[in-house]
There are 2 protein chains.
Amino acid sequence: MNIRVAIVEDDKNYSQALKNIIDFQEDMECVAQFFNGKNALQKLEALEPDVVLMDIQLQDLSGIDIVFKLTELMPSTTFVMCTSFENDEKIFSALRAGASGYLVKGDSLAKIIQAILEAHKGGAPMSFAIAKRVLQHFQESKVQVQSLALLTVTEKEVLELLAQGLLYKEIADKKSVTIDTIKKHIGNIYRKLQVSNKIEAINKFNHKN
Amino acid sequence: MNIRVAIVEDDKNYSQALKNIIDFQEDMECVAQFFNGKNALQKLEALEPDVVLMDIQLQDLSGIDIVFKLTELMPSTTFVMCTSFENDEKIFSALRAGASGYLVKGDSLAKIIQAILEAHKGGAPMSFAIAKRVLQHFQESKVQVQSLALLTVTEKEVLELLAQGLLYKEIADKKSVTIDTIKKHIGNIYRKLQVSNKIEAINKFNHKN
DNA sequence: CAATCAATTACCCGTTTGGGTGATATTTTA
DNA sequence: TAAAATATCACCCAAACGGGTAATTGATTG
């Protein structure tokens, strides 16, 4: 059974190159090429391809939005971004939208074929460059993790509860102390983390930001 | 110039297998093997290896803690986790701690050699299985993202600023409206997201929790 | 075109929060 | 052991927040 691949790509030359190499494979076939987002959004669902190669930077729509909408409607189809545009925000948006893989156009066609196979098997093909960005995204949180090391055990517990959305009073009840104690702890937390309100403290705690 | 590799692995057989294949490479050498965490923590810094292959599940210490401490002291050394233990929390903790790659012991030795090369070049080698987990970590946030779709553009902007820690007043100034307008928007945001305070709204916004 | 929704402004009210100061007992550390 | 850090409680005050109601304008949609 062939892997049915659809291509959404507005660069006709690149799209054709992809189609050629895909059709050349024994176990794949290119069942459709879309050169704009609107067509793809309308017709992809009925086609039921196994894998969709999706550019991000289309003239009319964002490939990310298309993926976001279609992953709902086509749970058995795998979307692989294949794009030259690759700032961090785009990468993470695409992954959040439901893309299973992320390639850059600089990758060799052989690598793209391999990625289609891997995606179809349930894997998560990523270019080296993308994998690195993803990893760095995790490592950025290290700075925040370290600043938390300044906090005492009690302070970390309080911050944890605060991050869950509890009021001072609720935290006090939970820990069986008075609200003033909690206020004191929170004051100390703010001082140590060099913040001045709940939100900022929780942002640091959540290693986001 | 050879790539100097150190191995931290308490399975002596596996460690020896790694050493053999590494020393077999023309451009690599295994400069040390550590069979427990304590030794590794004490002696790795002076050795200045280029790449460290690190097991997570050591008897005495956690490989993650070791990575966390040593990445501070050895910024030019690259750490690659190579472990059979692979629940999600361990994976993300390791990446946060500063690991540049994450392999599973099921990977072939050839793949591990390739990963060492890639890590040394500044890449982010990951097993397929790990890459998939990492991707899924992003996709889990999709549910929350959808609830945000209920919000109007203005409301999303307000929530964004709120999440950054701005006060109502600051948001009002930034958007050149009165604080009462912002309060109204935020009330609407809370209603739509079914929350009752900043923290809960921001938790939803941050696709955490 | 009418109805609905979005965005904006305004006011009131009570609660929550953040900042400051100060005190005491326990624990940790040098 | 002495000093420092931690955890606890208390009080005051001003700013910020959350909830409610109400009204106007502009855009969207059926």
Side-chain angles (χ1 to χ4, degrees), chain A residues 38 41-42 60-61 65 69 144-206 208-209, chain B residues 41 65 69 144-206 208-209:
Chain A
K38 193 158 159 284
L41 193 53
Q42 288 173 341
D60 55 343
L61 297 175
D65 292 340
K69 282 169 186 145
Q144 264 65 25
V145 172
Q146 284 177 320
S147 72
L148 291 184
L150 298 170
L151 303 183
T152 68
V153 174
T154 309
E155 285 162 358
K156 276 186 251 189
E157 286 168 9
V158 170
L159 182 53
E160 162 76 43
L161 295 171
L162 197 65
Q164 287 169 17
L166 275 66
L167 302 177
Y168 291 3
K169 169 110 186 52
E170 293 170 329
I171 299 173
D173 289 347
K174 196 155 214 159
K175 305 208 86 234
S176 301
V177 295
T178 66
I179 194 173
D180 291 298
T181 302
I182 298 303
K183 285 174 69 173
K184 182 67 169 175
H185 286 317
I186 289 176
N188 289 333
I189 291 168
Y190 290 173
R191 180 175 44 74
K192 289 182 181 178
L193 298 185
Q194 296 180 288
V195 299
S196 59
N197 62 52
K198 290 205 282 192
I199 313 290
E200 288 169 5
I202 291 166
N203 278 342
K204 291 218 167 189
F205 177 76
N206 284 339
K208 290 268 309 177
N209 170 20
Chain B
L41 194 52
D65 292 339
K69 284 169 186 145
Q144 262 66 26
V145 172
Q146 282 176 321
S147 75
L148 292 184
L150 299 169
L151 303 182
T152 66
V153 173
T154 308
E155 285 162 356
K156 275 187 253 190
E157 286 169 6
V158 170
L159 182 52
E160 163 76 42
L161 296 171
L162 197 66
Q164 287 170 16
L166 274 65
L167 302 177
Y168 290 5
K169 170 109 185 52
E170 293 171 331
I171 298 173
D173 289 347
K174 194 154 217 158
K175 304 205 87 246
S176 301
V177 297
T178 67
I179 193 172
D180 292 297
T181 303
I182 299 304
K183 286 170 72 168
K184 181 63 173 175
H185 286 318
I186 289 176
N188 289 333
I189 291 168
Y190 292 173
R191 180 175 44 75
K192 290 181 180 178
L193 298 184
Q194 295 181 289
V195 299
S196 59
N197 61 52
K198 290 205 284 191
I199 313 288
E200 289 169 3
I202 291 168
N203 279 341
K204 290 217 169 191
F205 177 75
N206 282 338
K208 289 268 310 176
N209 179 7

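In what follows, chains carry the letters A, B, and so on, assigned in the order in which the sequence lines appear, proteins first and then strands, with residues in each chain numbered from 1. What's counted below: heavy atoms across the whole structure, side chains too, no hydrogens, waters or symmetry copies.
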Could you check how far [atom1] of [X] sits from [atom2] of [N], rounded to whole Å?
X: A:Ile171; N: C:dT16; atom1: CD1; atom2: P; value: 13 Å
X: A:Glu170; N: C:dT17; atom1: CD; atom2: C1'; value: 14 Å
X: B:Ile189; N: C:dT8; atom1: CD1; atom2: P; value: 12 Å
X: A:Ile199; N: D:dC17; atom1: CD1; atom2: C1'; value: 11 Å
X: A:Ile182; N: C:dG19; atom1: CD1; atom2: P; value: 16 Å
X: A:Leu150; N: D:dA5; atom1: CG; atom2: P; value: 13 Å
X: B:Ile186; N: C:dT9; atom1: CD1; atom2: C1'; value: 15 Å

Once rounded to the nearest 0.5 Å, what's the spacing between atom [atom1] of [X] and atom [atom2] of [Y]?
X: B:Ile182; Y: B:Leu161; atom1: CD1; atom2: CG; answer: 8.0 Å
X: B:Glu170; Y: B:Lys175; atom1: CD; atom2: NZ; answer: 15.0 Å
X: B:Ile202; Y: A:Lys198; atom1: CD1; atom2: NZ; answer: 9.5 Å
X: B:Asn197; Y: B:Ile199; atom1: CG; atom2: CD1; answer: 6.0 Å

Give a yes or no on this: more than 12 heavy atoms of other residues, nucleotides or ligands lie within 6.0 Å of atom CD of A:Gln194. no
Hey, is the side chain of B:Thr152 poking within less than 4.0 Å of OP1 or OP2 on C:dC5, counting only N and O atoms? no
Salt-bridged, B:Asp173 to B:Lys169, with N to O below 4.0 Å? yes
Numerically ordered, the residues 190-197 of chain A set in heavy-atom contact under 4.0 Å with DNA chain C is A:Tyr190, A:Ser196, A:Asn197
Protein within reach of the bases, or only the backbone? For nucleotides 8-16 of chain D, mark each nucleotide 5' to 3' as B, S or -, using heavy atoms under 4.0 Å. BBBBB---S
With side chains defined as the heavy atoms from C-beta onward, is the minimum distance between A:Glu200 and A:Tyr190 less than 4.5 Å? no
Identify the residue among B:Val195, B:Leu162, B:Leu159 that makes a side chain to side chain contact (heavy atoms under 4.5 Å, CB included) with B:Ile189. B:Leu159
Side chain to side chain contact (heavy atoms under 4.5 Å, CB included) partner of A:His185, the single match among A:Ile171, A:Val158, A:Leu151: A:Val158
